[in-house]
Amino acid sequence: MAKFDYDLLTIGAGSGGVRASRLSSGFGARVGIIENSRVGGTCVMRGCVPKKLLVYGSHFALDFEDARGFGWQLGEPLFDWAKLISDKNRELNRLESVYGRILRENGVNHIEGTGRITGPNTVEVTSPDGTKEYSAEKILVTTGGWPHLPQIPGVEHAITSNEALELEALPKHLVIVGGGYIAVEFAGMFNALGVKVEIIIRAGNILRGFDDDIRDTLSEEMEKSGITINRECVVRGIEQTANGYSLRLHGTETIECDKVMYATGRKPNTFGLGLDVVGVNMDDNGAIKVDENYQTNVSSIFALGDVTNRINLTPVAINEGVAFANTQFNSNPMVMDYAAVPAAVFSTPPVGTVGLSELDARAQGEVDIYMSRFRPMKHTLSGRDAHSMMKLVVMRDSAKVVGCHMVGDDAPEIIQGFAVAIKAGATKAQFDATVGIHPTAAEEFVTMREKLPEHGH
Ligand code: NDP
């Protein structure tokens, strides 16, 4: 008779939890996974996947306009937001069933309900059927994060990305507070669909932490496309009006709109999990503190993904899940390497980035910068006033390319490939020795020969 009900009980069936669970089960562990919402988690149900489907949908508006420059004569295209949302939801239902099947086929027991840790080896699950306690040798917390809104008067009138993905109708005038990933992605999507979009940021620029040339180029391109960016601006309160909402700024200044969305970051989902009861260490944000093996200070309790609030990206959580399962249940200790994790922002135009920003590289030594700003070939005929930016950051002493950044069409697809070169430690000479593919934008990365003599950032 086994000492525990399970070898592993995972709380949270998102990207990290599902990967860790199904691999652990494949390695012979008896695994249960607890989920109180839809299997698939933030990325599949409320984040990356639905967002990208809507971004794809919005791009047709630009494509129809661009087509006119290539000989196409089109009538006024008709767009049906409700149909896009319902088609997107159909795809999410399909993905949810795929995730459920993956768990079943890998022998993971899906336990529906809300988990709460009651001891180092016990979890209580509450569902409409009642409450039941399970025991496990190891408990893995993969409960992800949730939007966090500053507590200003009237903030309850604001929606978050969760609701923005489910709107019944397009707003006319949308104000988005925040300038991070979610704010710029949704701004581009709604703007392309004809919504008047204003962003409000407390800082001087969007996308804090990204290379400054990415920030400058993207904000410029967004403004050219019609998005207003209100900089160094703080919302003091939100009031409902006859036609929508009024946002109170400094003094008597206000912005009127018919929808307000907050994208002011996310917080780890640790509230009510019982972690404090068993003494698991967390930081001030509620993020669970773990070591390189995702182990907390309570040796039977582990955590990975957004709930640890480190690099909050789906592929990072998935890789952490792989390392966890191999280390704990496959006698194959793996430690994830967090260097040069590439990232993309599906703004309009999109961003792709890997490695160090110029600023971070300069903190490590002398650098050379190679940069290209150009009008993409497609827009010579489309007539669109859009520009791309590509940039390499090279350490002068090692000649290694430590940063590769792009704003422009296909940037996420292009940067994924270059991320391999950065990860492998490629030098600028090796970039130069690589033959370009012509005519592409990507070839710029292997044909930039002139260092920037002097650079603003
Ligand atoms: P981010 O952390 O990216 O950005 C938060 C934004 O909100 C910043 O502009 C920040 O401003 C602003 N902000 C924070 N607090 C306040 C406040 N009190 N008042 C006004 N502004 C505030 O968070 P997001 O919500 O955009 O996204 C959450 C995370 O989800 C991302 O960090 C990323 O890890 C992940 N994500 C990844 C995506 C991708 O890979 N493509 C897509 C979407 C999300 P400031 O700059 O001044 O700090």
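For reference, positions follow the sequence shown, starting with 1. Just so you know, ligand 1 is whichever comes first in the structure, and atom 1 is the first atom listed for that ligand. Both backbone and side-chain heavy atoms feed into the values below; hydrogens, waters and symmetry mates do not.
At under 3.5 Å, not a single nitrogen or oxygen of Ile201, backbone or side chain, sits near a nitrogen or oxygen of ligand 1. Considering backbone and side-chain atoms together, Gly180 places an N or O closer than 3.5 Å to an N or O of ligand 1. For Gly178, no nitrogen or oxygen atom sits less than 3.5 Å from a nitrogen or oxygen atom of ligand 1, counting backbone and side chain alike. Of the N or O atoms in Pro150, none lie within a sub-3.5 Å distance of an N or O in ligand 1. Considering backbone and side-chain N/O atoms, Gly265 comes within less than 3.5 Å of an N/O atom of ligand 1. Distances between N or O atoms of Arg208 and those of ligand 1 include at least one value under 3.5 Å.
Compare Thr264, Leu149, Val184 by their heavy atoms: the one nearest to atom 14 (C) of ligand 1 is in Thr264.
Of the protein's non-hydrogen atoms, Gly179 N, 2.8 Å is the one closest to atom 9 (O) of ligand 1. The nearest protein atom to atom 34 (O) of ligand 1, hydrogens excluded, is given as Asn312 O, 2.8 Å; this is a heavy-atom distance. Of the protein's heavy atoms, Arg202 NH1, 3.4 Å lies nearest to atom 17 (C) of ligand 1. Protein heavy atom closest to atom 38 (C) of ligand 1, with residue, atom name and distance, is Tyr181 CD2, 3.2 Å. For atom 6 (C) of ligand 1, the closest non-hydrogen atom on the protein side is Ala263 O, 3.6 Å. In this structure, the protein non-hydrogen atom closest to atom 26 (O) of ligand 1 is Ile182 N, 2.9 Å. Protein heavy atom nearest atom 42 (C) of ligand 1, with residue, atom name and distance: Glu185 OE1, 3.2 Å. Given atom 29 (C) of ligand 1, the protein heavy atom at minimum distance is Arg266 CD, 4.0 Å.
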Item to check | Stepwise ring pair (Phe, Tyr, Trp, His ring centres under 6.0 Å) test for Phe60 and Phe79 | outcome: CA-CA 10 Å; Phe60 286 98; Phe79 173 66; 9.6 Å; no

Next on the checklist: salt bridge (charged side-chain N to carboxylate O under 4.0 Å, His left out) for Lys172 and Glu256? Distances and angles first, verdict last.
Outcome noted: CA-CA 11 Å; Lys172 290 191 174 62; Glu256 316 295 317; over 6 Å; no

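No cation-pi contact links Lys138 to Phe324, judged by a cut-off of 6.0 Å to the six-membered ring centre and 45° from its axis. The side-chain tip of Lys391 does not point at the ring of Tyr370 from less than 6.0 angstrom away and within 45° of straight on.
Asp87 and Lys83 are joined by a salt bridge, as a carboxylate oxygen and a charged side-chain nitrogen come within less than 4.0 angstrom of each other. A salt bridge links Glu166 with Lys88; the closest basic N to acidic carboxylate O contact falls under 4.0 Å.
Residue contacts with ligand 1 for His148 are absent, since no atom lies close enough (heavy atoms, distance under 4.0 Å). Contacts of Ala344 with ligand 1, taken as heavy-atom pairs under 4.0 Å, involve the backbone alone. Residue Leu313 touches ligand 1 through its side chain alone, judged by heavy-atom distances below 4.0 Å.
Side-chain contact check for Thr10 and Ser21: at least one donor-acceptor pair (N or O, by modelled atom type) lies under 3.5 Å. Judged purely by distance below 3.5 Å, without hydrogens or angles, the side chains of Ser25 and Asn106 never pair a donor atom with an acceptor atom.
Ring geometry for His157 versus Tyr245: interplanar angle of 30 to 60°, hence tilted. Between Trp81 and Phe190, the angle of the ring planes lies from 30° to 60°, which puts this pair in the tilted group.
Taking the ring centroids of Tyr56 and Phe346, they lie at or beyond the 6.0 Å cut-off. Between Phe418 and Phe445, the distance from one ring center to the other falls under 6.0 angstrom.
For ligand 1, the atoms closer than 4.0 angstrom to any heavy atom of Ala203 are 47 (O).
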